[in-house]
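In what follows, every chain begins at residue 1, and chains take the letters A, B, ... in the order their sequences are listed.
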Amino acid sequence: MTTMDHQANKQLSGEVVQVVSFHLGSEEYGVDIGQVQEIIRMVEITHVPRAPHFMEGVINLRGQLIPIIDLRTRFGMKRAEATKSTRIVVTEIGTKRVGIVVDSVSEVINIPIENVEPAPEMIAGVGTEYIQGVGKMNDRLIIMLDLTMVMSGEEKQELASLEESLTAR
Amino acid sequence: MSDELFDRGEFVQYFRDEAEELLQQIDADLLKLEDFLDSGHADGEIVNSLFRALHTLKGSAGMLGFTDAQNLAHKLENLCDLLRKDRMPLSETGINILFGGRDFLTELVEAAINGTQAPRDPSEFASHIDSFVAVYEQTSHLIEGTVTERKYEEVVAEEARPSAAADIDAFEAEVQRLLEQAQAQKAATPQPAVQPAQKPVEAAPSTTPAEPAAKAEETAPADAAKAQTAKRASSHQTIRVDIDRLDTLLNLVGELVINRTRISDIAGTLERLLADKTFTSSQALIGPLAKDLADSSALLARTTNEIQESIMKVRMVPIGQVFDRFPRLVRDVAKARGKEVQLQISGADTDLDKTIVDEIGDPLMHLLRNNVDHGIETPEVRESRGKSRHGTISLNAYHEGNQIIIEVADDGNGIDLARVRERGIKQGLISADDRLSDREIIELIFTPGFSTAETVSDVSGRGVGMDVVKKTISRLKGVFDVDSRTGAGTTFTIKLPLTLAIIQALLVRVADELYSIPLDSVIESQRVEMQDVRTVHGNEVITLRGQVVPLVRIADFFELGGKRDPDKVMTVIVGLGGRQVGLVVDSFQGEQEIVIKPLSDVVGRIPGISGATILGNGSISLIIDVHSLVSEAYTDGKVARAEFSGV
């Protein structure tokens, strides 16, 4: 989509958020398309021993090592075996590239901003701090994730301190 | 210069590199010039080179608006000009001023690049130069040709200006005093542990408040400051590359392009074959096609190999870049300690990976300081022992297989074992009734905090140094060895891999994952029967040629689970600085050349893992950090006695 189209789109329908939607269990989630770099099929994940507990391992993406987070583990859901529809959503959080494992990816949807409501207190075990809001599309509810917050709290600190020790060596 | 018509940052970067080189050059020239002191007449070639270096530095500094550095370079250039035109005799004061000026320039350049306040005001020093030069400029019109110090004094006497002569004497004394003080302070300033490409700031007697403040900043929130430096360094790293090496690379890329065409031709033919339904014509074509493809992939393999090698060469720089700064260091330390030392350098053109070259400077500096301070005896002692007055330190680098060897040897006293032992007891590192071999005693000097000096001297004796040297070298995957003969000298040997980017590794399988163990630390791999495994304090050990080797089960270390073989253990014996550990794996998978990819910026630093590599089939293998595994095995206190054994 060119910038022109994008602009026109906006004028026609008002502000929209473009999200990549995916499934985890019975819920549908969405992440801002700007944070998504690409979506790939499930590949073999190399386990990294002694890594932070939320880190599933690393994968080789065209010669680059990308850390993988299993969102199910992250959100305290039951782990699931990888199926044909399992995907890795490669995202860019800050300057870091991180892949997240999801059950399946459905589509890119435009949600009018007025259809996005603030997060309710608690949704199915996912702490509200990860949730930017809930988007309503017809009868679908899309939980919009804040990826920077998914890496937040202890994890973010853990990563930061690791990074510090790294640069300070 | 305020309008940003060009990318100033880039120019400043060029300037940084250029200035560093020029200042090195100036140092080298001054050291050479010093040898001509006795004749009182400077060698034209050297002075010219010195003059040119100062002139270039002046020009570049001026272009970027670094006026302080520009002005000082100009003053020094004037002084050189007088020397060059034989209008001034070569005197110790002159050389000392030039040395002092050169150090001052380093500070100014550094400050200008970083955009910070110069640590001290250059105007005082500049006026010293002026008044020193002025005397010669005033009198030069009176005399023709060569001027000697004597002649000059006569001239002054004839001119009946005794006050001027007195001025000069007083001035020279003053300059001498200033320089000595600066020297002493410089020596007293502890060397920052890791600070590549940055000369320690030489403190003037008139220390300005900015100086201690800067120092405090360096040491206090060390981590933050270091992180800063690291970031700055990594974002600004450049390398100068020999054009021939780039040409080679370009040729190789050309080969790749040709090969690409060839492969797409083959693909085209294959497609046509697919479209062709008649089997007979296909049959005739498949043979040559397969051969073509085989040829092409062979070519591809060869070319990529060569590209890999060439890229490695691009990263290689001569170690002389580091060595160049040592003559000055040795001279300064020797002067401060009242010793006469000659530094002989060989193998300065030996190539080494840029990252290693950047890191090896500080350890070598520590070693050289140690050689001068502890190794070389004073001239009197040396004479009484029938040695020449001046001690010799040789710094030698050469390639050996896939490694580079750096030797730092002196012909001094050797390590005083009795003294080291005594200090070790005093500092509670060993007990008085411990029976240690000579090697074990030498090993004591690598203990953090160990120092033989009774009092902290200017040069060394703070107990920082040898342990840091050893740590740095192990981090660079190198090996450090000391050989000492009492009364005859000490030799430090450093063995380093040529590059850190590509290594030979032994692939092993543990709990269904492939791990890589750097081959340079592998001594052997062995199958050991379970009945030969014994336990000491609950830890498994094996005996290997009379030496007790602790076992580390990788699966346990990484908490991987998996089941143990009840009959035997497959062990990879790894060694690090004399310590050995047997790593227990499930099976050996052969050797392979691997390209190291840092894992730390992906998942953070993981103890026991130094990086990862991507294997031929695209899967990832983690690289085992032998260093941290070995030290963990030994520092758990389990193998306490083994700590000092067999090193």
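- With sequence neighbours excluded, no residue forms a salt bridge (Lys or Arg N to Asp or Glu O under 4.0 Å) with A:Glu44.
- More than 12 heavy atoms of other residues, nucleotides or ligands lie within 6.0 Å of CZ in A:Arg140, so this atom counts as buried by the packing criterion.
- B:Ile609 touches chain A through its side chain: at least one heavy atom from C-beta onward sits under 4.5 Å away, while N, CA, C and O do not.
- Between chain B and the residues A:Ile59, A:Ile45, A:Leu65, the largest count of heavy-atom pairs under 4.5 Å involves A:Leu65.
- Side chain of A:Arg50 to main chain of B:Phe557: a donor-acceptor pair is present (N/O by atom type, distance under 3.5 Å, no hydrogens or angles).
- Residues A:His47 and B:Leu622 come closest through the heavy atom pair O-CD1, 3.5 Å.
- Annotation: ring pair (Phe, Tyr, Trp, His ring centres under 6.0 Å) contacts of B:Phe588 (sequence neighbours excluded): none.
- Side-chain atoms of A:Thr46 and B:Leu514, non-hydrogen and from C-beta on, never get closer than 4.5 Å to each other.
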